[in-house]
Amino acid sequence: MAGGARDVFVNCAFDLHFQPIFRAIIFAVHRSGFQPRCALEVDDSSESRFAKIQNLIEECPFGIHDLSRTEVDGAPPLPRFNMPLELGLFLGAKRFGDEAQRKKRALVLDIEPYRYQRFISDLAGQDIHAHDGNPAHAIEAVVTWLRTQSRLKSVPGGRRVAEEFADFQQVLPSVLAERRLHVEEMTFGDFSDIVSAYLTESGR
Amino acid sequence: MSKLAKTKGQKVGGYDVVGTMSDGVRILRPVTKPTHFTRAEIRQTVQKVLAERRRQRELMPAE
């Protein structure tokens with residue numbers, strides 16, 4: 001599983017509550033001409049989850065890290081800290097890795113501005129983008145960032161891509177109904193392929 | 001309409017390209033294969049759904 005120059009590591013929560021933002025990010029990455037990668041793509045129980053994530057981080061020159069699900073949960077309430085951990089691993093690879101690793105670029109997203117300073121204050125001063133839990137805002141941030149990083153002027157504006165995502169969201173239930181698949185049964189592989197088929201078949 | 005046919009099957013930078021958008025962005029073949037259906041089945045289903053939607057829109061009276 002070798003990585004490529006357009007591989008984007010997507011570090012975020014995968015639970016049902018976060019699905020709208022996760023799907024918006026995956027759509028935006030595909031629409032910008034990049035390849036989204038995430039821990040969900042590997043289905044090999046012989047490999048530990050953290051080993052999978054380490055491999056993905058090594059392979060991806062770009063990383064999108066959404067910290068918005070870093071919140072307390074359970075009893076006693078403790079913070080979910082997987083996303084900050086993976087962000088730290090990504091930044092560590094960039095800081096201490098070889099020449100290729102040092103070229104890594106990261107986009108950090110959170111639900112509101114400056115919230116991250118309460119749990120990772122060492123990141124203060126970094127340019128972190130807030131999406132307010134709104135998929136359209138997440139798309140705008142991702143598309144703008146990827147266009148800047150790639151210098152590809154053909155990548156459309158974020159608002160345009162957000163409109164396309166809204167249209168895709170209307171089509172998706174019909175596609176799943178035709179395949180007799182419940183939305184919660186849809187895997188990352190299923191979703192990625194539906195997005196790429198929609199984009200190339202929709203005539204945009 | 002879609003310009004995917006122009007670049008379908010091309011390779012760019014080691015990636016398979018499944019199509020090119022009207023603005024020139026190349027859509028890459030996802031690295032992960034679908035779980036519940038084949039890629040051909042997904043493409044056929046998306047084509048069918050989009051065609052049905054176009055047909056419904058054509059049947060709607062113009063405002």
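Labels below follow one simple rule: chain letters A, B, ... track the order of the sequence lines, proteins then strands, and each chain is numbered from 1.
- Between the CG atom in A:D190 and the CD1 atom in B:I42 there is a gap of 5.5 Å [rounded to 0.5 Å].
- For chain A, no part of B:E52 is nearby; none of its heavy atoms comes within less than 4.5 Å.
- Of the possible donor and acceptor atoms, none in the side chain of A:E178 sits under 3.5 Å from a partner among the backbone N and O of B:V46.
- Residues B:V25 and A:S32 are not in side-chain contact: their nearest non-hydrogen atoms beyond the backbone lie 4.5 Å or more apart.
- Annotation: maximal heavy-atom pairing with chain A below 4.5 Å, among B:R39, B:H36, B:K48, B:Q47, occurs at B:H36.
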### Task
Go through the steps for A:S192 and B:T32 under the test side-chain contact (heavy atoms from CB on, under 4.5 Å), then give the verdict.
CA-CA 8 Å; A:S192 264; B:T32 314; 5.8 Å; no

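- In terms of non-hydrogen atom pairs under 4.5 Å with chain B, the most contact-rich of A:P156, A:A5, A:A177, A:A197 is A:A197.
- Interatomic distance, CD of B:Q44 versus CD of A:E201, reported as 10.0 Å (0.5 Å rounding).
- Remark: A:L181 CG to B:F37 CZ distance equals 5.0 Å, nearest 0.5 Å.
- A donor-acceptor contact shorter than 3.5 Å links the side chain of B:Y15 to the backbone of A:R6.
- Interface remark: A:F34 contributes backbone atoms only to the contact with chain B (heavy atom separation under 4.5 Å).
- Under the 4.0 Å criterion applied to side-chain N and carboxylate O atoms, B:R53 and A:D167 are assigned as salt-bridge partners.
- Side-chain contact, B:R43 with A:T200: a donor N or O sits under 3.5 Å from an acceptor N or O.
- The OG1 atom of B:T45 sits 4.0 Å away from the CZ atom of A:R179 when rounded to the nearest 0.5 Å.
- Between the CG atom of B:L50 and the OG atom of A:S174 there is a distance of 9.5 Å, given to the nearest 0.5 Å.
- Taking 4.5 Å as the limit, every side-chain heavy atom of A:H30 sits out of range of all side-chain heavy atoms of B:L28.
- With chain B as partner, the option from A:I194, A:T187, A:D193 having the largest number of non-hydrogen pairs under 4.5 angstrom is A:D193.
- Ionic pairing of B:D23 and A:R31 is present here: one or more N-O contacts between side-chain nitrogen and carboxylate oxygen are shorter than 4.0 angstrom.
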